[in-house]
**Student:** 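Here it is: the structure, laid out below.
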Amino acid sequence: LIRSERGQIGILKALGYSNTEIAVPYITLILAIALPMLIAGYAVGKFSSVYVRDLYLEFYLLPSTNIEANLMVFLTAILLPLIFFIGLSMIIIKKMLSKKVVDLLRAGDKEKVGKLNKLVSKMMKSAKAVTKFKYSFILSDTGKFFVFFIGIAFVSILIMFALMTNGLFNRMITDYYNNVDYKYEAYVDITKPLPTLKNGEEKFLLYPNGKYKDDTITLKGIKYDNKLHKLCNDKKKDITSKLEDGVIINKSFNMKYDKEVGDNIEVKIGDKEYNLNIVGICEEYSDYKIYMNLDELSKVVTGEKSGEFFNGVYSMKHLDEDKYLTVTDKSDILKQSQLMQNFMKYSIYILVIVAMAIAIIVLYVLTTITVEEKYYDVSLLKVMGYSDRKVNSMILNSYFLYSILSFLVSVPIAVSLVNLMVKYLIEYFNMVMPLKFEIWQVFAGGIIVAVIFFIGTLSAKRKINQVPLQEILKQYRE
């Protein structure tokens, strides 16, 4: 908006208006646009918060409290972004007003050649003039290129976050139950004699009161050669037999405490502490869990009295409910888990869709405005006799190349930020979100960037073609 007014600003300066008199209307206009939008956003959030709270209470057992307006929250939500918008606008206006009247009235920008542009020119010293122009003119203004890169980076973060959520709920819930072979899970009454196991039944021991770094963790004892509850790593390889040599932690424990294979951990069981060696990490995202060989955990829990103690049974066939405290059908757990997670799943899907929509809008607007700003260059090339196809190759395609390069540079940044977010959720909210980066996401993200970029440039090309050539040529007359 401000850049498009450079000619009018030059005229006002030539007529003798002061910088303050020129800047105030622009600041007022930006304030008039930004403030109502910020207030509207706060109002929508305040209005919808009650319904979001009630929706969560439908699915989760949480305390219900009244949502009251908070002056500090209101001021933070309104003033901080407003100060950012106004401050950035003032910097841009001040830079524009610092230019000479002649420079403001002259068509196009004539800035000094930036260092980045010089570097690219040296690298392409032996290239053809057209090729050199194609890949260097975009760098004529380092500031513009930096904004272009930041925009692509922001879009990349949103796109990569959306793609990394792929399979999130399968990893959190269904994969665990689909990977085990038992169909029924039962817990015994330890005040009574332990039941005699039949063929197709295996015992396990669950100890939910372990302590690690003052946090409550779960220890589970299974036999290293069991058939119904196999432990697999992230490569789907069976690592259950490693329980003979140490303990296996699940992925949630690994992510929260940053422990790897070969590390030793001090775990408190009852009144004693035990030094355990980690020999594997299984791909499971339930509570923070340590798997031990059943015999060893049984001895620890019973104070070395027995290596045969257990409090749970896995079975391929239905178990007699009269002999156990509880009997659970695995299929019922899957159904209940799915129902309990549906709301959260749809909430995240909505966030992903919104993120993708924002990414599309940002990239569309960014590329369209960036290309439109070069309409002088496009018109001049047409006057010089270049065809539309050649102009497209020289100017628009160069932006495409830099957008893809910017995306590729932004991918590791985006992945790092997502990983930081995951660690933050674990650290402060005790919430594990197994977002996973895979190489196909880079190709998918690149295709998304390319498609949206070409949509943006096609729109810009149509607008450029609608501008009469003689009108553009008049702008170059001094």
Side-chain angles (χ1 to χ4, degrees), residues 1 26-90 150-151 153-166 168-169 172-173 336-366 368-369 414 417-418 420-435 448 452:
L1 174 65
Y26 290 103
I27 296 296
T28 304
L29 176 61
I30 293 169
L31 184 65
I33 296 173
L35 187 58
M37 296 300 292
L38 291 170
I39 294 175
Y42 177 85
V44 170
K46 179 66 173 64
F47 176 78
S48 61
S49 61
V50 177
Y51 299 99
V52 173
R53 179 202 62 189
D54 293 342
L55 260 169
Y56 268 95
L57 292 176
E58 288 290 329
F59 290 89
Y60 299 97
L61 186 60
L62 298 172
S64 178
T65 58
N66 293 328
I67 300 176
E68 299 178 354
N70 187 297
L71 181 61
M72 287 303 298
V73 173
F74 175 78
L75 294 177
T76 302
I78 301 299
L79 291 182
L80 284 182
L82 188 63
I83 291 172
F84 173 79
F85 288 135
I86 298 300
L88 183 61
S89 301
M90 290 181 66
I150 293 299
F154 177 70
V155 169
S156 301
I157 293 171
L158 295 178
I159 290 174
M160 292 306 297
F161 174 76
L163 295 176
M164 288 174 70
T165 57
N166 180 65
L168 174 65
F169 292 98
M172 290 180 67
I173 305 170
Q336 292 172 4
S337 298
Q338 191 62 40
L339 290 173
M340 290 294 291
Q341 294 297 330
N342 269 344
F343 172 68
M344 181 63 72
K345 178 177 68 175
Y346 294 133
S347 298
I348 292 184
Y349 283 168
I350 290 172
L351 289 176
V352 169
I353 292 171
V354 171
M356 293 292 291
I358 293 174
I360 290 173
I361 293 171
V362 169
L363 194 56
Y364 176 83
V365 172
L366 184 67
T368 302
I369 292 177
L417 289 176
V418 169
L420 285 175
M421 181 193 73
V422 170
K423 290 182 179 179
Y424 179 83
L425 291 174
I426 293 174
E427 181 73 22
Y428 294 98
F429 296 95
N430 215 30
M431 177 181 178
V432 177
M433 287 189 67
L435 302 177
I448 293 172
I452 303 305

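Count residues from 1 along the sequence.
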**Student:** If you measure from OG1 on T76 to CG on L79, what distance do you get to the nearest 0.5 Å?
**Tutor:**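 One finds 7.5 Å between OG1 of T76 and CG of L79.
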
**Student:** Residues in side-chain contact (heavy atoms from CB on, under 4.5 Å) with I86, at least two apart?
**Tutor:**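 If we apply the side-chain contact (heavy atoms from CB on, under 4.5 Å) test to I86, skipping adjacent residues, the hits are I27, I30, L31, L82, M90.
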
**Student:** With sequence neighbours left out, what residues match F74 under ring-ring contact (aromatic ring centres under 6.0 Å, His included)?
**Tutor:**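 Expected list: Y42.
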
**Student:** Going by side-chain contact (heavy atoms from CB on, under 4.5 Å), name the residues that satisfy it together with I426, two or more places apart in sequence or in a different chain.
**Tutor:**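 Partners of I426 by the side-chain contact (heavy atoms from CB on, under 4.5 Å) criterion, ordered by chain and then number, come out as M255, K256, Y288, V422, V432.
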
**Student:** Could you give the distance from CG (L417) to CD1 (I157), rounded to the nearest 0.5 Å?
**Tutor:**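 Rounded to the nearest 0.5 Å, the CG-CD1 separation comes out at 4.5 Å.
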
**Student:** Rounded to the nearest 0.5 Å, what's the gap from CZ on F85 to CD1 on I33? Could you check?
**Tutor:**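 Going from the CZ atom of F85 to the CD1 atom of I33 covers 11.0 Å.
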
